[in-house]
Amino acid sequence: MTRQFLALLAAGLFSATACAQVTVSEPWIRATVPAQKSSGAFMQVQSATPARLVEVRTPVAGRAELHEMAMDGQTMRMRQVKEIELPAGKVVNLASGGYHVMLLDLKRQLKEGESVELTLVVQDAAQKRQEVKLAVPVKPLTHSAHAGH
Ligand SMILES: [Cu+2]
């Protein structure tokens with residue numbers, strides 16, 4: 001990623017008006033070791049009106065996917081999902097072992113204590129999209145069970 005692109009990202013893409021109807025609490029990203037190419041982002045998301053989380057973006061990863069963990073016979077596996085339902089007023093927990101955000105093709109190591117820009121794209125019932133921009137703290141590797149990639 002070029003410096004120019006980073007500057008564009010910081011300057012223009014996001015309006016300052018965070019959507020009032022979507023609340024994100026306790027977001028965190030799992031720290032990585034130097035050669036590691038993937039990590040997970042976890043948080044609690046609540047929307048006042050029925051909506052769906054349809055996309056996640058971050059400058060530190062080549063791509064970010066929405067995943068869910070599910071039993072496949074006797075084994076827990078994760079798979080990509082297109083979207084995550086946000087029922088009105090319900091806190092949806094994106095956590096290790098359930099739905100989560102997977103960061104893939106990491107461009108660098110994510111170190112404990114830093115803050116990573118993450119943007120959630122939420123679509124409401126009228127198909128209108130809005131972005132929720134977050135500064136997410138990187139925390140130590142506490143969920144080692146999540147190593148499926
Ligand atoms: Cu995953």
Side-chain angles (χ1 to χ4, degrees), residues 1-2 5-6 8-10 13-14 18-125 127-149:
M1 176 175 302
T2 64
F5 181 56
L6 275 176
L8 274 176
L9 203 69
L13 287 182
F14 314 104
C19 38
Q21 72 187 61
V22 177
T23 318
V24 177
S25 52
E26 296 173 44
W28 65 285
I29 289 174
R30 203 179 56 244
T32 62
V33 294
Q36 196 178 333
K37 283 296 174 193
S38 66
S39 185
F42 311 97
M43 67 200 76
Q44 290 163 8
V45 188
Q46 184 175 19
S47 175
T49 58
R52 289 167 293 154
L53 176 58
V54 294
E55 192 184 339
V56 176
R57 296 183 212 130
T58 177
V60 300
R63 62 187 205 277
E65 295 181 351
L66 302 171
H67 277 194
E68 74 172 343
M69 298 282 284
M71 289 303 289
D72 177 9
Q74 299 292 320
T75 321
M76 268 297 245
R77 288 186 201 282
M78 62 173 125
R79 65 186 181 95
Q80 189 178 3
V81 293
K82 270 180 66 183
E83 55 192 34
I84 294 172
E85 207 73 36
L86 302 174
K90 186 171 178 249
V91 175
V92 176
N93 197 16
L94 305 189
S96 194
Y99 285 120
H100 56 275
V101 175
M102 201 80 203
L103 307 179
L104 300 164
D105 300 332
L106 287 176
K107 294 170 183 173
R108 58 175 178 82
Q109 184 182 7
L110 304 179
K111 293 181 181 161
E112 181 181 353
E114 70 167 318
S115 175
V116 167
E117 185 182 301
L118 196 78
T119 302
L120 308 183
V121 181
V122 174
Q123 185 168 308
D124 69 15
Q127 313 301 319
K128 192 163 176 263
R129 290 188 172 201
Q130 47 190 329
E131 295 180 340
V132 183
K133 191 183 170 192
L134 306 168
V136 180
V138 175
K139 299 197 173 174
L141 268 154
T142 51
H143 296 282
S144 56
H146 187 85
H149 289 285

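Each ligand, and each atom within it, is numbered from 1 in the order the structure gives.
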Nearest to the Cu ion (ligand 1) - the N/O/S atom of His67, by atom name: ND1
Atom NZ of Lys111: over 12 foreign heavy atoms under 6.0 Å: no
Angular separation of Met102 SD and His100 NE2 about the Cu ion (ligand 1), given to 10°: 110°
Presence of N, O or S from Gln80 under 2.8 Å of the Cu ion (ligand 1): no
Contacts of Glu68 that satisfy salt bridge (charged side-chain N to carboxylate O under 4.0 Å, His left out) - sequence neighbours left out: Arg79
Residues 41-50 side chain polar contacts: donor-acceptor under 3.5 Å, at least two apart:
unit_1: Gln46; atom_1: NE2; unit_2: Gly89; atom_2: O; d: 2.7
unit_1: Ser47; atom_1: OG; unit_2: Thr49; atom_2: N; d: 3.4
unit_1: Ser47; atom_1: OG; unit_2: Thr49; atom_2: O; d: 2.5
unit_1: Thr49; atom_1: OG1; unit_2: Gln21; atom_2: NE2; d: 2.6

Salt bridge Glu131-Lys133, side-chain N to carboxylate O under 4.0 Å: no
The Cu ion (ligand 1) to nearest N/O/S of Met78 less than 2.8 Å: yes
